[in-house]
Number of protein chains: 2
Amino acid sequence: MKARVTVTLKRGVLDPQGKAIGNALHGLGFPQVGEVRAGKVIELDLAETDHEKARAAVEEMCRKLLANLVVEDYAIEIA
Amino acid sequence: MKARVTVTLKRGVLDPQGKAIGNALHGLGFPQVGEVRAGKVIELDLAETDHEKARAAVEEMCRKLLANLVVEDYAIEIA
């Protein structure tokens, strides 16, 4: 079973990496670009066949390691 | 219009960040975790109303800046 975790900064948290990407895109001739936010994606192979158990385990991984809940949100997709 | 770009390392390219995350998860008591791959996600606000034009512009951004096509793949979602 595969899981994909997307970790993004919460709304309102400054994102200097996203800002730098936005500035670079403007410099490259993409004036249509507005706000840019950068985040992480983590793909996991899980030795687990139960969808609900897999999701619960990945939730726990997010809380314990993958996301900093003070400033980051996470989204989990199980496939 | 919003676009989301997911940049991941190509299969076969070593991923030390993913390996480190996998080791940390094993250490935290998640033995069911197999391979872990880490990547980036970039969310863009675009001042563009045409879906096809938006996708073409984001494709060009990926080739020029967002992804290193030698070792990385990218996927684009337009919403």
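A note on names: the letters A, B, ... follow the listed sequences, proteins ahead of strands, and every chain is numbered from 1.
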Cluster link [X] to [Y], ILVMFWY, side chain under 4.5 Å:
{"X": "Val41(A)", "Y": "Leu66(A)", "value": "no"}
{"X": "Val36(A)", "Y": "Ile76(B)", "value": "yes"}
{"X": "Leu46(B)", "Y": "Leu25(A)", "value": "yes"}

Shortest non-hydrogen contact between Leu65(A) and Ile21(B), atoms and distance: CD2-O, 4.1 Å
What's the shortest heavy-atom distance between Leu44(B) and Val33(A), and which atoms? CD2-CG1, 4.2 Å
First locate atom OG1 of Thr49(B), then atom CD of Gln32(A), and finally report the distance between them rounded to the nearest 0.5 Å. 11.5 Å
Taken to the nearest 0.5 Å, the spacing of Thr6(A) OG1 from Lys40(B) NZ works out to 15.0 Å
Report the option among Asp45(B), Leu28(B), Val7(B) that has the most heavy-atom pairs separated by less than 4.5 Å from atoms of chain A. Asp45(B)
4.5 Å side-chain heavy-atom contact, Glu43(B) and Thr8(A): yes
More than 12 foreign heavy atoms under 6.0 Å from CG of Leu69(B): is that the case here? yes
Give a yes or no on whether Lys10(B) atom NZ has more than 12 heavy-atom contacts from other residues, nucleotides or ligands under 6.0 Å away. yes
